[in-house]
Amino acid sequence: MFPEGFPINARWPAENPEVIQLYSFPTPNGVKVSIALEEMGLPYEAHKVTLADADVKSPEFLSLNPNNKIPAIIDPNGPDGKPIGLFESGAILVYLAEKTGKLMPQGAGKYEVQKWLFWQMGGLGPMLGQLGFFYKFAGAEIEDPRPRERYINEGKRLLGVLNGALGGRDWVAGEYSIADIAIAPWLNGLEFYGAREVLEWDSFRNLQPYLDRFYARPAVERGKNIPAR
Ligand SMILES: N[C@@H](CCC(=O)N[C@@H](CS)C(=O)NCC(=O)O)C(=O)O
């Protein structure tokens, strides 16, 4: 079985085991990795792992990510030439940037990128995810308005922070980077949640041009639907 020591291969077999194996679904967290792989020009093989328990809670998937969430990867050619498995989209983005030397500069610029990457991982993603739950999905019928209000207010606050950071610059850390790849798909998800209006999207004048710049990139266009639903 290859990559050796990775039982996930039994359920999602690698056809081309020499390249990076991606286990994902085209959600804002999932497409971060397919977009980064496309931007960096790394060869990879994508496996569709749906969000259903039958997939993300299968013993094979849990063997790679005990936290039962996509995305996850195996790089057969990791540090010291040995295979490595990774989960958490932020950790995967940093790994790929360091592997290729792309989309995260050295020196002070690296920390500028990481500030915004961690801001997305700990703030924008979780808060907008909860907003989606309480505004559109299962929580929408909960009568108590406080959870909805809390995530709307926090979502607006975060959009304001990002809008300010994008004043006078095209990309959040200056140059285009893995921080943008982490952030932009989450902004795009607001349309799917039907939450643009309630967050007063149009009042944040730098955000739509930022999204347009991001989605005009050919690698983003390719990566945004991988793996196909
Ligand atoms: N912090 C994680 C979050 C990943 C995440 O929330 N993945 C969702 C899809 S976007 C998932 O797999 N959900 C399935 C489940 O929770 O059972 C990351 O950035 O990788």
Side-chain angles (χ1 to χ4, degrees), residues 6 8 11-12 20-40 42 44 46-75 78 84-99 103-104 113-139 147 151 154-155 158 162 172-173 177-195 211 214 220 223-229:
F6 291 97
I8 194 167
R11 172 135 179 215
W12 287 277
I20 291 174
Q21 304 295 307
L22 167 66
Y23 307 89
S24 191
F25 198 68
T27 66
N29 286 321
V31 300
K32 289 174 192 173
V33 180
S34 42
I35 288 173
L37 288 162
E38 292 288 338
E39 289 281 10
M40 294 168 182
L42 283 168
Y44 67 102
H47 303 273
K48 182 167 81 174
V49 177
T50 74
L51 309 187
D53 284 359
D55 277 356
V56 283
K57 290 192 178 156
S58 65
E60 293 89 349
F61 188 75
L62 291 173
S63 71
L64 182 60
N65 184 359
N67 193 41
N68 63 268
K69 288 182 192 291
I70 61 95
I73 66 166
I74 297 172
D75 183 355
I84 186 173
L86 288 163
F87 59 85
E88 278 299 319
S89 59
I92 297 172
L93 289 175
V94 170
Y95 172 78
L96 295 175
E98 288 185 336
K99 180 183 172 81
L103 300 185
M104 184 173 69
V113 168
Q114 291 198 357
K115 280 194 297 194
W116 286 104
L117 178 63
F118 280 84
W119 176 84
Q120 189 285 319
M121 295 301 301
L124 190 74
M127 293 305 125
L128 296 189
Q130 295 302 321
L131 173 71
F133 179 86
F134 285 107
Y135 190 71
K136 174 171 167 128
F137 298 118
Y151 293 112
E154 185 60 1
L158 289 162
L162 181 63
V172 71
S177 74
I178 53 172
D180 300 296
I181 294 176
I183 290 169
W186 271 99
L187 297 184
N188 196 43
L190 290 177
E191 207 167 356
F192 173 65
Y193 291 159
L211 263 194
F214 183 76
V220 173
K224 71 181 186 189
N225 294 317
I226 295 177
R229 276 172 191 264

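Order of listing sets the numbers, starting from 1, for every ligand and every atom in it.
Against a heavy-atom cut-off of under 4.0 Å, P71 is close to the following atoms of ligand 1: 20 (O). Each of the atoms 19 (O) of ligand 1 lies under 4.0 Å from some heavy atom of M121. Within ligand 1, the atoms closer than 4.0 Å to a non-hydrogen atom of V56 are 17 (O), numbered from 1 in the order shown.
Closest protein heavy atom to atom 20 (O) of ligand 1: S89 N, 2.8 Å. Of the protein's non-hydrogen atoms, the one nearest atom 9 (C) of ligand 1 is L51 CD2, 3.7 Å. In terms of protein heavy-atom proximity, atom 1 (N) of ligand 1 is closest to E88 OE1, 2.8 Å. Atom 5 (C) of ligand 1 has as its closest protein heavy atom N29 ND2, 3.3 Å. Atom 10 (S) of ligand 1 has T27 OG1, 3.1 Å as its closest protein atom, hydrogens excluded (heavy atom only).
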Problem - Candidate pair L187 and L162, rule side chain to side chain contact (heavy atoms under 4.5 Å, CB included), full reasoning - result: CA-CA 10 Å; L187 297 184; L162 181 63; 3.7 Å; yes

Handout entry: Steps toward side chain to side chain contact (heavy atoms under 4.5 Å, CB included) verdict (K69, N29)
Key = CA-CA 9 Å; K69 288 182 192 291; N29 286 321; over 6 Å; no

Handout entry: Stepwise side chain to side chain contact (heavy atoms under 4.5 Å, CB included) test for Y44 and Q21
Key = CA-CA 6 Å; Y44 67 102; Q21 304 295 307; over 6 Å; no

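Contact record, L42 with L96: CD1-CD2, 3.9 Å, taken as the closest heavy-atom pair.
Ring geometry for W186 versus Y193: interplanar angle of 30 to 60°, hence tilted.
Under the 4.5 Å side-chain criterion, counting only non-hydrogen atoms from C-beta, V172 is not in contact with W119. Using a 4.5 Å heavy-atom threshold, the side chains of D180 and W116 count as separate.
Taking a 4.0 Å cut-off on heavy atoms, K57 fails to register as neighbouring ligand 1. Taking a 4.0 Å cut-off on heavy atoms, G30 fails to register as neighbouring ligand 1.
Side chain of S34 to main chain of I226: a donor-acceptor pair is present (N/O by atom type, distance under 3.5 Å, no hydrogens or angles).
Polar contact check, K69 against ligand 1: a nitrogen or oxygen pair lies under 3.5 Å apart. Considering backbone and side-chain atoms alike, D53 places every N or O at 3.5 Å or more from each N or O of ligand 1.
Figure legend: K136 and F192 shown as a cation-pi pair, the cationic atom lying under 6.0 angstrom from the six-membered ring centre and within 45 degrees of its axis.
Residue contacts with ligand 1, taken as heavy atom pairs separated by less than 4.0 Å, involve N68 via backbone and side-chain atoms alike.
Comparing V31, L86, I70 by heavy-atom distance to atom 8 (C) of ligand 1, the nearest is I70.
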